[in-house]
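Only a predicted model underlies this, so the values are computations on that prediction, with no experimental measurement involved. Chain identifiers are assigned alphabetically (A, B, ...) following the order of the sequence lines, protein sequences preceding nucleic acid strands; residue numbering begins at 1 within each chain.
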2 protein chains.
Amino acid sequence: MTIEEAKTTRDEQRLRDPERTKFEILAVATQEFANRGFAGARVDEIAAKTRTTKRMIYYYFGSKERLYVATLEKSYEDIRVTEQNVDVENLDPVTAIRLLAEFTFDRHEANPTFSRLVSHENMQNAQFVTAASGFPGLERPIIKMLEQVLEHGRADGVFHRDIDALDVHMLISSFCFFRINNRYTFAANFGRDPVEAGRRSIYRQMIGDVVVEYLTSSPT
Amino acid sequence: MTIEEAKTTRDEQRLRDPERTKFEILAVATQEFANRGFAGARVDEIAAKTRTTKRMIYYYFGSKERLYVATLEKSYEDIRVTEQNVDVENLDPVTAIRLLAEFTFDRHEANPTFSRLVSHENMQNAQFVTAASGFPGLERPIIKMLEQVLEHGRADGVFHRDIDALDVHMLISSFCFFRINNRYTFAANFGRDPVEAGRRSIYRQMIGDVVVEYLTSSPT
DNA sequence: AATATAATTAAACAACTAGTGAAATAAAAT
DNA sequence: ATTTTATTTCACTAGTTGTTTAATTATATT
């Protein structure tokens, strides 16, 4: 269900739908928190962008902070679900690792909201992500997949680097994250918008090449 | 002059020192804006952490926004100065590019404040960096150096990739930036703090290897 | 030394913001 | 038919926050 669906479907059958109300609040709040951060977001503004009222936000979520945490949890859960749909089981390691890199590349581009939430969390030392340990979606499927591909690649003798899944993930994520999240200052500083449509395929191939060349090369 | 110097030197000779007052406000404001962002920072808090009063901030900087822009300008200028002190003129291209990568790596670690300011700027679509065009420090020395090294490397036949300085810079910066700025969520999500002292040399070498292997490998 | 200028302090203002309380309404569930 | 639950309205508080008015005093100038 998208926000638009939730909005348009409303009132057609039921005048009251707690699930839909909660969903809409959460969806709007996610956008607001992603765009302005926890401190910058305004409860009144979130309420105004929903079909419901500020009072309902407190009715269902209790406080601005609990609403914020709820958006974080939902966003992490969504990422986990997305990653579960990737399958590189039967591919050769080089193809598989490139595919995982491209998947992460696409995910960042398709869902900048998540990256923005993450960025804001880091700017406040991840206080809410850390506080809510037992956070759902913390075992990220992508890591398991990377581990298998790396093991496979080493067994086949095509990967020669002594590096584990977490660091490969960091290498891939950093590039994809930076391209999306630092788009504006990069464009302002260097006169090149890295998210410009025409350059997309260049960067998508680039991160794949970077990872493949690194893993397949030998330490000196 | 550091903040500490400005604080301790104060009052020894003169009770009033506009330059020192301005400097201290700017230094404290930079920390506050870097830590909390423009919206999250509090003028009262900035004032409280200086030796002077809130009124002086308005006396010298006019508004919170102009103070913020001043910290941005100062920070960019500092980076430019730092980059000007790098010299890779007489090194072979592979050594030079690795040195530039390591320089950027070190710079991010030594100055997380700048990265945080940049991150916050991006979260608000770089509205202030963009607005203040004619911004000082926008021609970054590192780009010129990368251009020369890349040209040299291609002339020598050791670099085979068709990639320009800006994209190499993005590859290097993204890794260094992510390691520092996404430290907290990365640690919370994956149980590994990428800024932990013991892992520093691994990542420092890794970004060098990644860039060198990518540039020296051939497109397929 | 007298005066003017610039730096500094103290306090107040006005707008904003998260959260609450209370009361009323009515759709759904029982 | 009755109870429960979801929803709206709206005024209000208590605390915060960016900004300003006015008075004070150190330093520079004449």
Side-chain angles (χ1 to χ4, degrees), chain A residues 1 6-7 9-33 35-72 120 124 127-128, chain B residues 6-7 9-33 35-72 120 124 127-128 131:
Chain A
M1 176 162 65
K7 285 195 176 178
T9 326
R10 187 101 182 273
D11 284 0
E12 288 183 4
Q13 294 181 329
R14 350 177 93 248
L15 293 171
R16 301 179 166 194
D17 191 330
E19 291 310 311
R20 208 177 282 146
T21 301
K22 273 187 267 184
F23 179 91
E24 197 184 335
I25 291 172
L26 208 52
V28 171
T30 302
Q31 289 304 313
E32 286 297 300
F33 285 131
N35 286 333
R36 307 183 195 277
F38 176 71
R42 300 283 165 250
V43 177
D44 284 293
E45 184 70 16
I46 294 170
K49 289 186 176 173
T50 64
R51 291 264 207 107
T52 182
T53 62
K54 179 164 71 160
R55 202 70 191 76
M56 293 309 287
I57 293 177
Y58 287 93
Y59 184 70
Y60 283 122
F61 294 94
S63 70
K64 184 186 183 184
E65 182 172 324
R66 288 219 291 276
L67 175 61
Y68 176 76
V69 171
T71 65
L72 270 184
H120 278 300
Q124 59 202 22
Q127 52 178 140
F128 294 112
Chain B
K7 284 195 176 177
T9 325
R10 188 96 182 274
D11 281 2
E12 288 182 5
Q13 294 181 331
R14 350 175 94 252
L15 293 171
R16 299 177 167 194
D17 191 331
E19 290 311 311
R20 210 177 280 146
T21 302
K22 271 187 267 185
F23 180 90
E24 198 183 335
I25 291 172
L26 206 54
V28 171
T30 302
Q31 288 304 313
E32 285 297 301
F33 285 132
N35 287 334
R36 307 183 195 276
F38 176 72
R42 299 286 163 246
V43 179
D44 283 292
E45 184 71 15
I46 293 170
K49 290 185 176 173
T50 64
R51 292 262 208 110
T52 182
T53 62
K54 183 161 67 157
R55 191 61 188 81
M56 293 309 288
I57 293 176
Y58 288 91
Y59 184 70
Y60 284 121
F61 295 94
S63 69
K64 184 186 185 184
E65 181 171 326
R66 288 218 291 276
L67 174 61
Y68 176 76
V69 171
T71 66
L72 270 183
H120 275 122
Q124 57 203 21
Q127 51 178 139
F128 294 112

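- In this structure, B:R42 reaches the D:dT17 phosphate: one of its side-chain N or O atoms is under 4.0 Å from OP1 or OP2.
- Residue A:A47 is out of contact with every strand shown, counting any heavy-atom pair closer than 4.0 Å.
- Backbone-only contact: B:A41 has heavy atoms under 4.0 Å from sugar-phosphate atoms and none from a base.
- Of the candidates C:dT17, D:dT17, C:dA7, the closest approach to any side-chain atom of A:D44 belongs to C:dT17.
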Show me the donor-acceptor pairs, under 3.5 Å and distance only, between side chains in residues 39-46 of chain A and residues at least two apart or in other chains.
| residue | atom | partner | partner atom | Å |
| --- | --- | --- | --- | --- |
| A:R42 | NH1 | A:A39 | O | 3.1 |
| A:D44 | OD1 | A:K54 | NZ | 3.3 |

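- Judged as a ring-ring contact (aromatic ring centres under 6.0 Å, His included), and not counting sequence neighbours, B:F61 has no contacts.
- Residues from residues 53-62 of chain B placing a heavy atom under 4.0 Å of any atom in DNA chain C, listed by number, are B:T53, B:R55, B:M56, B:Y59, B:Y60.
- Straight-line distance from the CZ atom of A:R16 to the P atom of C:dA29: 11 Å, rounded to whole Å.
- Partners of B:Y60 under the side-chain hydrogen bond (donor to acceptor under 3.5 Å, both in side chains) rule, at least two apart in sequence or in another chain, do not exist in this structure.
- Between C:dA7 and B:T52, no contact under 4.0 Å exists linking OP1 or OP2 to a side-chain N or O.
- Between A:T21 and the phosphate of D:dT7, there is a side-chain N or O to OP1/OP2 separation shorter than 4.0 Å.
- With contacts defined as side-chain heavy-atom distances shorter than 4.5 Å, the pair A:F23/A:D17 does not qualify.
- For residues 58-70 of chain A, the set of pairs meeting the salt bridge (Lys or Arg N to Asp or Glu O under 4.0 Å) definition, not counting sequence neighbours, is empty.
- Scanning for side-chain hydrogen bond (donor to acceptor under 3.5 Å, both in side chains) contacts around B:Y58 gives an empty result, with sequence neighbours left out.
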